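Structure first, commentary second.
Quantities reported herein were computed from a predicted structural model and do not represent experimental measurements. When a ligand or atom number is given, it counts from 1 through the structure's own listing order.
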Amino acid sequence: MRILGIETSCDETAAAIYDENAGVLSHRVHSQVALHDQYGGVVPELAARDHLTKILPVIESVLKDSKLTLQQLNGIAYTKGPGLVGALLIGAMTGQTLSYALNIPAIPIHHLEGHLLAAMLEEKKPAFPFLALLVSGGHTLLIKANKLGHYEILGETLDDAVGEAFDKTAKLLGLPYPGGAHLASLALKGKKRFLFPRPMVDRPGLDFSFSGLKTFAVNTIKTHILDEQTKADVAFAFEEAVIDTLVIKCKRAIEKTHIKHLVIAGGVGANLNLRQRLTKLMEKVQGTLFTPRTEYCTDNAAMIAYAGFLRFKMERTPTLSVDVSPRFDLLELTI
Ligand code: KG4
Ligand code: ZN
């Protein structure tokens, strides 16, 4: 079975081909970062228009890279949501049109299920049940993944997502959008000088709150001369506070569930410091950390093609309706 994956939920136009025997044959991501940079964030209408012009060339390139024709595909998986409605519609319409024209099934995929399963694309893959720390620009979740389509949310953010907090703090430091990776590199030059709070760690439970860190950064910046070293010191203190908080909550989730397999997922999962700290934690509790390569942490279509493949194996319910859901709830999923 060979599945074409299509991902257009936000500002990346992505396609990939997953083969049941050979794994990911090819995957491409066209990033719209340059398009949205001047606005300091994603402009939904511009995103949708850009997906429209890029989606077919991106699909053509993954076919070319894997030396396949459309006729050699057996199914199509596209992101149904959550995401920007105009952006989602481009991927869904493309997927459904190809499905109709080629007479092969198309399946709608939950974007977060894609992220959760991305670690399974690696040689060292997790088996259900596992815990997942899903940290992206729009989501911060601690999840207990029981089996395909059966997920429990153990904790989530009450305000900003981790990636959002990284991006907002990076913007305060004058870094380009999206600022997560830029802030992380700047933090490498930082010294231990400021102490940011570790939000909600003194309360029981597994929820998060990151908006206070951004306010703390604003106040620190206001009360200091913002030279290059101070910027790096703020980046360092911010990153340490975020990572400490995430690590503490992961440890709590392991203690609560007694599950010692932890998967890292989503764009912030690309953060090296976070990966190192979680590796240490898992060594300490004698568990295992599963990390997708960084290009499978950030938005991509390989994870969508793979989620589609697993679902095609379980259910074959092709539908001709163009199914998008900007606020798609992970708990609505079943199989
Ligand atoms: O999963 P993703 O590509 O898109 C969403 O579904 O949101 O995540 C993007 C987020 C952005 O906020 C970006 O700044 C953050 O991931 N990010 C990072 C790093 N690389 C990407 N944050 C911290 N450190 C990084 N190295
Ligand atoms: Zn994502």
Side-chain angles (χ1 to χ4, degrees), residues 5-14 16 27 29-33 36-37 40-42 44 47 78-84 87-88 91 109-119 132-141 143 156-157 160-173 175-188 190 210-211 213-214 217 235-236 238-247 263-278 291-304 306-307 326-328 330:
I6 298 174
E7 155 64 37
T8 62
S9 65
C10 189
D11 58 347
E12 270 101 14
T13 315
H27 93 102
V29 180
H30 166 77
S31 165
Q32 300 179 354
V33 161
H36 301 290
D37 186 31
V42 179
Y78 64 87
T79 303
K80 167 177 170 175
L84 303 170
L88 290 166
I109 297 297
H110 196 294
H111 180 79
L112 299 186
E113 181 169 65
H115 276 304
L116 282 177
L117 303 176
L133 176 68
L134 203 170
V135 275
S136 72
H139 297 90
T140 303
L141 296 163
I143 289 173
E156 61 192 318
T157 183
D160 288 355
V162 184
E164 191 181 353
F166 261 99
D167 294 342
K168 286 178 175 170
T169 306
K171 198 171 174 179
L172 292 170
L173 296 172
L175 300 170
Y177 179 88
H182 295 286
L183 189 146
S185 336
L186 183 61
L188 292 174
F210 291 105
S211 64
L213 283 183
K214 180 196 59 200
F236 177 87
F238 169 85
E239 192 185 45
E240 284 295 303
V242 169
I243 293 175
D244 264 0
T245 310
L246 293 174
V247 172
V263 164
I264 202 166
V268 184
N271 185 288
L272 269 183
N273 210 345
L274 175 64
R275 290 162 90 105
Q276 282 165 0
R277 291 282 307 278
L278 286 177
T291 47
R293 66 195 72 176
T294 51
E295 69 204 74
Y296 294 159
C297 281
T298 46
D299 284 351
N300 68 87
M303 65 185 194
I304 303 300
Y306 181 67
R327 293 183 184 276
F328 197 3
L330 189 66

Output a table of donor-acceptor pairs, distance under 3.5 Å, between side-chain atoms of residues 162-170 and any protein atom two or more places apart or on a different chain; print 'none' if there are none.
residue, atom, partner, partner atom, Å
Glu164, OE1, Ala161, N, 3.0
Glu164, OE2, Lys168, NZ, 3.2
Asp167, OD1, Gly179, N, 3.1
Asp167, OD1, Gly180, N, 3.2
Lys168, NZ, Asp160, OD1, 3.4
Lys168, NZ, Asp160, OD2, 3.3
Thr169, OG1, Ala165, O, 2.9

Shortest protein contact, atom 15 (C) of ligand 1 (heavy atom only)
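For this ligand atom, the closest protein heavy atom is Val268 CG2, 4.0 Å.
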What protein heavy atom sits nearest atom 2 (P) of ligand 1, and how far off is it?
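The closest one turns out to be Asp299 OD1, 3.6 Å.
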For [X], atoms of ligand 1 separated by under 4.0 Å from a heavy atom:
| X | result |
| --- | --- |
| His111 | 6 (O) |
| Ser136 | 1 (O), 5 (C), 6 (O), 7 (O), 8 (O) |
| His115 | 1 (O), 6 (O) |
| Thr298 | 3 (O) |
| Gly267 | 1 (O), 2 (P), 8 (O), 16 (O), 17 (N), 18 (C), 19 (C), 20 (N), 21 (C) |
| Gly138 | 7 (O) |
| Gly163 | 12 (O) |
| Gly137 | 5 (C), 7 (O), 8 (O), 9 (C), 10 (C), 12 (O) |

[atom1]-[atom2] distance between [X] and [Y], expressed to the nearest 0.5 angstrom:
| X | Y | atom1 | atom2 | value |
| --- | --- | --- | --- | --- |
| Ile6 | Thr79 | CD1 | OG1 | 9.0 Å |
| Glu113 | Leu134 | CD | CG | 11.5 Å |
| Leu274 | Leu133 | CG | CG | 6.5 Å |

Under 3.5 Å: donor-acceptor pair, side chain of Thr8, backbone of Gly91:
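Yes; judged by distance alone, with no hydrogens or angles, the pair exists.
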Looking only at distances, please establish whether an N/O atom of ligand 1 is found under 3.5 Å from an N/O atom of Gly180.
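In this structure, Gly180 places an N or O atom under 3.5 Å from an N or O of ligand 1.
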Polar contact flag for Leu272 and ligand 1 (N/O pairs, less than 3.5 Å)
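So ligand 1 has no N or O lying under 3.5 Å from an N or O of Leu272.
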Metal site the Zn ion (ligand 2), protein N/O/S atoms found under 2.8 Å:
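There are 3 of them.
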Ile264 vs Pro292 side-chain heavy atoms within contact, under 4.5 Å:
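Result yes, sub-4.5 Å side-chain heavy-atom pair found.
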Quick check: closest heavy atoms across Leu213 and Ala241, and the distance to 0.1 Å?
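Heavy-atom minimum between the residues: CD2-CB, 4.0 Å.
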For a quick test of reading the model, state the closest non-hydrogen atom pair linking Ala47 to Val42 and the distance between them.
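Result for this residue pair: CB-CG1, 4.2 Å.
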Evaluating non-hydrogen atoms only, which member of Thr294, Asn271, Asn273 is closest to atom 26 (N) of ligand 1?
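Nearest option to atom 26 (N) of ligand 1, by heavy atoms: Asn271.
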Side-chain donor-acceptor pair under 3.5 Å between Glu239 and Asn273, yes or no?
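Present: a donor and an acceptor within the cut-off.
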Do His182 and Tyr177 have ring centroids that are under 6.0 Å from one another?
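For Tyr177 and His182, the ring centres are not under 6.0 Å apart.
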Evaluate side chain to side chain contact (heavy atoms under 4.5 Å, CB included) for Asn300 paired with Glu7, printing each intermediate quantity in order.
CA-CA 6 Å; Asn300 68 87; Glu7 155 64 37; over 6 Å; no
Step by step, work out the side-chain hydrogen bond (donor to acceptor under 3.5 Å, both in side chains) result for His139 and Glu156.
CA-CA 8 Å; His139 297 90; Glu156 61 192 318; over 6 Å; no
Please lay out, stage by stage, how His115 and Tyr296 fare under the test ring pair (Phe, Tyr, Trp, His ring centres under 6.0 Å).
CA-CA 8 Å; His115 276 304; Tyr296 294 159; over 10 Å; no
Side chain, backbone, both or neither: which part of Asp167 has a heavy atom under 4.0 Å from ligand 1?
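Answer for Asp167: side chain.
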